[in-house]
Amino acid sequence: MKSSIFTLTLSPAFDKSTSVERVQPEHKLRCDSPIYQPGGGGINVSRAIKKLDGRSVALYPIGGNTGNHFKQLLTEEGIEQITFQIKNWTRENFIVVERETNHQYRFGMPGSEIYKEEWEQMLAVIQDPENDFEYFVVSGSTPKGVPDEFYTRLSQIVLQKKARLILDTSGEALKHSLKEGIFLCKPNINELSEMVGKELVTKEQQEAAAMEIINSGKVEILVVSLGGAGAFLASKQGIFHVTAPPVEKKSTVGAGDSMVAGMVLSLSRGKSYEDVIKFGVACGTAATMNFGTELCKKEDVDRLYAQLGGK
């Protein structure tokens, strides 16, 4: 399959969400009709790219009836897919919004374990010359059974294809991938602190830490998420700070994935790094304007991007 953007989600989640007037213990809670959505880091990146009139191919494992329903939902959204059958069922997450307070309760189940022969099959498919891409996005958590070796071999495959690896994960997977060298990485401040092994309190410390990683040659672009304050992009071209425009926030779910979607789409369209971070922040901010896991809306993104001076 050919597309300039591929996304990989190792731990997709079948998201089931509903709302109740109030969450109370020991009571039978009358829920609204459930909403079913496909979720997970790379899945949401592909879904957001689609909403932005872009195109990508989503790669992910599926198992059991939940996996079949998951695939059906993505097909209905018009997302191009490559799936890998696994023995374990695709996990489910449960989200409840309490209408009285607008508090959101998110129950995340552990990722479905993936066995050696299953993740090796994934690498073989990614390596297949028929699957041609310019950008390869890995986003989301790592399930049980997937070793650090997976990320090492994946990085090598992407480099062999002369493509660019974009990584949005955390923990050991992030540390291990940095040894191989990636094109773009999106840590938050805490993750950046872990990467350099010291606390980063001031803006100057944060920028210096980012440039330390850039100058090491491990990463070409480092985008540091500052939550509601926006983000900054560091590269050998310099540092670009973007403050998130003020909006009425309804949910932060999917904001990071929407941001990654905006950035990779901008990169694939040949935009400057300054415009890449502006469009990414516009997408992430737009996602916070919607309830639940709705992700960003193009009309909101276009308005916020113009507000940030995007071109």
Quiz item: Is there a side-chain contact (heavy atoms from CB on, under 4.5 Å) between V260 and S139 once you walk through the steps?
Solution: CA-CA 9 Å; V260 172; S139 180; 5.5 Å; no
Practice problem: Evaluate the side-chain contact (heavy atoms from CB on, under 4.5 Å) criterion for residues M122 and I114: first the C-alpha distance (whole Å), next the side-chain angles of each, then the deciding distance (0.1 Å), finally the verdict. | Solution: CA-CA 11 Å; M122 293 183 196; I114 297 177; 3.8 Å; yes
Practice problem: Apply the test side-chain contact (heavy atoms from CB on, under 4.5 Å) to residues K298 and K51: give CA-CA distance (whole Å), side-chain angles for both, the deciding distance (0.1 Å), then the verdict. | Solution: CA-CA 6 Å; K298 188 175 184 300; K51 287 175 179 287; 5.8 Å; no
Exercise. Check the pair I182, V138 against side-chain contact (heavy atoms from CB on, under 4.5 Å), reporting the backbone distance first and the verdict last.
Key: CA-CA 11 Å; I182 55 179; V138 183; over 6 Å; no
Practice problem: Check step by step if side-chain hydrogen bond (donor to acceptor under 3.5 Å, both in side chains) holds for Q72 and Y36. | Solution: CA-CA 11 Å; Q72 179 187 339; Y36 302 103; over 6 Å; no
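We find the NZ-CG distance between K236 and N215 to be 6.0 Å, quoted to the nearest 0.5 Å. Annotation: the span from N44 atom CG to D257 atom CG amounts to 4.5 Å, rounded to 0.5 Å. The structure places CD of E204 at 8.5 Å from CD of Q206, a figure rounded to the nearest 0.5 Å. Distance check, rounded to the nearest 0.5 Å: CZ of F84 to CG of L10 gives 9.0 Å. The CD1 atom of I35 lies 7.5 Å from the OG1 atom of T18; values are rounded to the nearest 0.5 Å. Here the straight-line distance linking atom OH of Y60 with atom NZ of K71 works out to 6.5 Å at 0.5 Å rounding.
Checked by atom type and distance alone, the side chain of S258 never pairs as donor or acceptor with a backbone atom of L295 at under 3.5 Å. For N131 (side chain) and V125 (main-chain N/O), a donor-acceptor pair under 3.5 Å exists by modelled atom type. Panel note: side chain H69, backbone G67; no donor-acceptor pair is recorded below 3.5 Å. Judged purely by atom type and a 3.5 angstrom limit, T288 uses its side chain to pair as donor or acceptor with the backbone of T285. No donor-acceptor pair closer than 3.5 Å links the side chain of R91 to the backbone N or O of F14. Not a single donor-acceptor pair under 3.5 Å links the side chain of W89 to the backbone N or O of T66. When atom types are taken as modelled, the side chain of E118 and the backbone of K87 share a donor-acceptor pair closer than 3.5 angstrom. Judged by distance alone, with hydrogens and angles left aside, the side-chain atoms of T9 form a donor-acceptor pair with the main-chain N or O of G42 at under 3.5 Å.
When the side chains of ILVMFWY residues are joined at heavy-atom separations under 4.5 Å, either directly or via intervening members, F240 and L267 end up in a single hydrophobic cluster. Linking Ile, Leu, Val, Met, Phe, Trp and Tyr residues whenever their side-chain heavy atoms come within less than 4.5 Å leaves L74 and I5 in two separate clusters. F183 and L154 are members of different hydrophobic clusters when ILVMFWY side chains are connected at heavy-atom separations under 4.5 Å. Residues L184 and I49 share a hydrophobic cluster, clusters being chains of Ile/Leu/Val/Met/Phe/Trp/Tyr side chains in contact below 4.5 Å. When hydrophobic clusters are built by joining Ile, Leu, Val, Met, Phe, Trp and Tyr residues whose side-chain heavy atoms come closer than 4.5 Å, directly or via intermediates, V264 is grouped together with V242.
Closest approach of I43 to P12, counting heavy atoms only: CG1-CB, 4.4 Å. Taking both residues in full, the closest heavy atoms of P245 and V281 are given as CD-CG1, 4.3 Å, listed atom of the first, atom of the second, then distance. The nearest pair of heavy atoms linking W119 to G145 is NE1-O, 3.3 Å. Between N88 and S112, the shortest heavy-atom contact is CB-CB, 4.0 Å. Residue G108 comes nearest to N93 through the heavy atom pair CA-OD1, 3.2 Å, listed as atom of the first residue, atom of the second, then distance. Among all heavy-atom pairs drawn from E220 and Y273, the shortest one is OE2-OH, 3.3 Å.
Using a 3.5 Å distance cut-off with no hydrogens or angles, the side chains of T142 and Y151 do pair a donor with an acceptor. Residues S46 and T7 bring a donor and an acceptor atom of their side chains to less than 3.5 Å of each other.
Under the 4.0 Å criterion applied to side-chain N and carboxylate O atoms, E299 and R303 are not assigned as salt-bridge partners. Salt-bridge formation is detected for the pair R47/E77: a Lys NZ or Arg NE/NH1/NH2 atom is positioned less than 4.0 Å from an Asp or Glu carboxylate oxygen. Under the 4.0 Å criterion applied to side-chain N and carboxylate O atoms, R153 and E120 are assigned as salt-bridge partners. Using a 4.0 Å cut-off between charged nitrogen and carboxylate oxygen, R22 and E98 do not count as a salt-bridge pair.
Under the 30°/60° scheme for interplanar angles, the aromatic rings of F133 and F136 are found to be tilted. Note on ring orientation: taking the six-membered ring where Trp is involved, the planes of F279 and Y305 are perpendicular (angle over 60°, cut-offs 30° and 60°).
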